[in-house]
Amino acid sequence: MDSSIATFRPRSFKLVSPVTIPAFAGVRLRPPSAPACADVESLAQAKVMASPSLRALPSGARVAVAVGSRGIDRLPLLVRGCITALRAMGLDPFIVPAMGSHGGADAEGQRMLLHHLGVTAESVGAPVVSSMETVDLGCVAPGVDCHISRDAFEADAIMTVVRVKAHTNFTSDIESGLCKMLTVGLGKDLGAKNAHIYGRKGLVEYIPRLAGHMIAHAPVAFGLAVVENAESRICLVEGVEAGDMLEADRELLVRAKKLKAVLPFEQLDMLVVEEIGKDISGTGMDSKVVGRVGFGEPYGHPFINTIAVLRVTAASGGNGIGIGIADVTTTETINGLDLEAMWINALTSCCMDRVKLPPAFASEREAIQAGLKICWQPRTEFVRAAVIRSTRDLGHILLTRPLLEELRATHPGMLDGIWKEESPLIFDSTGHLDISWPEA
């Protein structure tokens, strides 16, 4: 057995078995308004074809298309649109994984992460060239070297495919987007380490400086930047020339934050998160959604007494970073973790609290019961609890009666209907939670 996989024996506890699980109602939330783009493949094609930098390349020029580890909406279609356009321009594109230390900081692991996201040579029409080798472009501050993938650096041009969004660990005018993809993603494990090793200072100050240095010293030409709406659907596709990347990051971040879905409560006794994963958030679950930002920051908004995490997505490949944000989970989830991949990710990001293992229970039912026992509200009828599919899926949630009544009283405009009348949670014979979530 792979020693990087955890092995724990399922345990049941008499302390949690008497705990009553409250009934929940299925609520549909009205998200910030922004219609989804219908044909993202054609939009990507058009943006790439319109790029002055790419159009100026000679026929046959090799173009590295940097693709990260995030589960961007319709990512394979976006990438295929870019590849189709580049080939139509007479260029020779190839895919480079741009994901820092993800995939266990291993070339094959990064190729497999792209495969899990649906990005393969067959699906997008270009080969995937994966290596962890980098070129050192020099330092931007003492001890802060700028690294870039050798495969990308040796191409005639580099373009990126990114989503611009709020970062889970810090707040600034540039967070997750074009600059981070260049410095952390294309920088591979060394680039990720240099951006994170100084903590918040490295993320806020050095990522923009490293990106500017990379643009000046490497053949960075173009970026395809998307913004997703509150339902995690692409609602904006922009083409960005290299010289405009920093300003575009700032402008698109403002738009992205206005569209971000949130839990509309100041305080919850308990939150059940059905799934976490790297395809959902860099921290497995969006720490700003659950009010646990990390990097030494105190708990934020909303304040949640207890968080139960039930599963890790298959696309995350066993990397359950973010499990440390939870207070309880299951032995099945713990036993499916690739600890080596998680620890490499945490060591690179210099944030170890995300990979600490919470107490694990024999079933999802028992994990929820344990979370209720420690949520500081012993009376079932008063428990303020919610169940979400993931922090990326907040359009349909389950609420106990106290939270539903509060939503009706304080945020009536956010309530878009009831999709499931109040009823007990359903578990299968093994104690797995069984929810038929509506389509987004």
Side-chain angles (χ1 to χ4, degrees), residues 2 4-5 64-80 82-83 93-134 147-152 160-163 165 168 176-177 180-193 195-196 224 226 232 275-286 311-323 336-349 354-355 390 392:
D2 187 341
S4 69
I5 304 296
V65 180
V67 182
S69 57
R70 299 293 183 257
I72 300 172
D73 174 37
R74 294 170 280 177
L75 178 62
L77 295 179
L78 275 179
V79 178
R80 190 168 68 193
C82 296
I83 298 300
F94 62 98
I95 306 298
V96 173
M99 54 186 74
S101 66
H102 299 171
D106 173 75
E108 186 56 29
Q110 297 201 342
R111 183 194 302 274
M112 287 307 299
L113 267 182
L114 289 184
H115 177 82
H116 282 306
L117 295 173
V119 178
T120 64
E122 294 75 23
S123 68
V124 302
V128 178
V129 179
S130 186
S131 166
M132 299 304 294
E133 190 175 355
T134 65
H147 284 265
I148 184 172
S149 157
R150 180 173 292 279
D151 294 319
T160 61
V161 179
V162 307
R163 174 180 57 198
K165 61 180 283 293
T168 52
S176 286
K180 184 168 178 281
M181 173 66 92
L182 291 176
T183 60
V184 176
L186 275 178
K188 298 292 183 175
D189 54 333
L190 290 174
K193 181 201 72 173
H196 288 89
L224 188 80
V226 304
S232 301
E275 289 187 322
I276 67 172
K278 294 295 292 185
D279 53 320
I280 292 169
S281 170
T283 49
M285 57 177 141
D286 189 328
R311 303 162 201 161
V312 176
T313 63
S316 199
N319 187 339
I321 193 166
I323 196 72
L337 298 177
D338 185 337
L339 297 180
E340 183 177 349
M342 290 168 58
W343 294 343
I344 288 172
N345 198 165
L347 285 166
T348 303
S349 64
R354 305 291 165 80
V355 295
S390 75
R392 188 179 59 192

Enter the distance from [X]:[atom1] to [Y]:[atom2] here, rounded to the nearest 0.5 Å.
X      : Y      : atom1 : atom2 : result
Leu117 : Met112 : CG    : CE    : 11.0 Å
Met342 : Arg354 : CE    : CZ    : 12.0 Å
Asp338 : Trp343 : CG    : CH2   : 10.0 Å
Ser69  : Met99  : OG    : CE    : 5.0 Å
Ile148 : Leu190 : CD1   : CG    : 13.0 Å
Arg163 : Ile72  : CZ    : CD1   : 5.5 Å

For [X], which residues count as a side chain to side chain donor-acceptor pair (under 3.5 Å) partner, sequence neighbours excluded?
X      : value
Ser316 : none
Asn345 : Lys278, Asn319
Glu275 : none

When you measure from the side chain of Lys193 to the backbone N and O of Leu347, does any donor-acceptor pair fall under 3.5 Å?
->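 No, because the side chain of Lys193 does not come within donor-acceptor range (under 3.5 Å) of the backbone of Leu347.
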Short question: side chain of Ser232, backbone of Arg392 - any donor-acceptor pair under 3.5 Å?
->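 Confirmed, Ser232 side chain pairs with Arg392 backbone.
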So, using salt bridge (Lys or Arg N to Asp or Glu O under 4.0 Å) as the criterion, who are the partners of [X] when residues are at least two apart?
X      : value
Glu122 : none
Asp279 : none
Arg111 : Glu108
Arg74  : none

For [X] versus [Y], what's the shortest heavy-atom pair and its separation?
X      : Y      : value
Gly68  : Leu114 : O-CD2, 3.5 Å
Met181 : Val161 : CE-O, 3.3 Å
Met285 : Ile276 : CB-CG2, 3.9 Å
Pro93  : Ile83  : CB-CD1, 3.7 Å
Ile95  : Val79  : CD1-CG1, 3.6 Å
Ala66  : Ala98  : CB-CB, 3.8 Å

Under the rule for side chain to side chain contact (heavy atoms under 4.5 Å, CB included), what residues qualify as partners of [X], not counting sequence neighbours?
X      : result
Ser123 : Thr120
Ala152 : Ala64, Ser149, Ile158, Leu186
Ala105 : Ser101, Met132, Asp189, Ile344
Val129 : Phe94, Asp151

Is there side-chain contact between [X] and [Y], with heavy atoms separated by less than 4.5 Å?
X      : Y      : answer
Val67  : Val128 : no
Ser131 : Gln110 : no
Leu113 : Pro97  : no
His196 : Val184 : yes
Val162 : Lys180 : no

Not counting sequence neighbours, list each pair that qualifies as a salt bridge (charged side-chain N to carboxylate O under 4.0 Å, His left out) and has a residue in residues 93-106.
->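 Sorted result for residues 93-106: empty, none.
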